[in-house]
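Source: prediction; values computed, not measured. Each residue takes its place number in the sequence, starting with 1.
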Amino acid sequence: PLEATMAYNEFPEHPDDSVGSWMLTLFVAGIPLVGFIYLLVLALGSGSSPAKRNYARAMFIWQIIALIGLILMFVLFGGAIMAGLQNSGY
């Protein structure tokens with residue numbers, strides 16, 4: 001395992017991302033359609049750092065959870081609202 005330890009003069013394959021890089025990532029990811037495409041590129045591409053790739057994958061999981069929750073709420077409450085409107089004569 002001597003090969004597994006990194007010498008002081010060697011640089012890692014993906015150096016730590018800077019604060020400015022993360023600020024730009026969070027800003028672009030927050031733009032509705034552009035952010036989705038950007039996260040898709042980060043999650044599926046191989047050029048970004050592992051931290052950003054994992055961040056993009058985690059954001060996709062949260063987006064899927066939110067979408068499923070939104071659809072469930074719409075079906076449950078939308079059905080109740082439609083039933084209430086039909087009974088009231090609208």
Separation of Leu67 CG from Leu72 CG (nearest 0.5 Å):
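Going from the CG atom of Leu72 to the CG atom of Leu67 covers 10.0 Å.
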
Rounded at 0.5 Å granularity, tell me how far CD1 in Ile81 sits from CG in Leu85.
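If we round to the nearest 0.5 Å, Ile81:CD1 and Leu85:CG are 7.5 Å apart.
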
Can [Y] be reached from [X] by stepping across I, L, V, M, F, W or Y side chains whose heavy atoms are under 4.5 Å apart?
X     : Y     : value
Val41 : Leu24 : no
Met59 : Leu40 : yes
Trp22 : Phe60 : yes

Backbone of Leu44 reached by a side-chain donor or acceptor of Arg53 within 3.5 Å:
no

Would you say the side-chain atoms of Ser21 pair up with the backbone N or O of Asp17, donor to acceptor, closer than 3.5 Å?
no

With side chains defined as the heavy atoms from C-beta onward, is the minimum distance between [X] and [Y] less than 4.5 Å?
X     : Y     : value
Arg57 : Leu39 : no
Thr25 : Leu42 : yes
Phe74 : Leu70 : no
Ile31 : Phe36 : no

What are the two closest heavy atoms between Ala29 and Tyr55, and how far apart are they?
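Shortest heavy-atom contact: CB-OH, 4.4 Å.
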
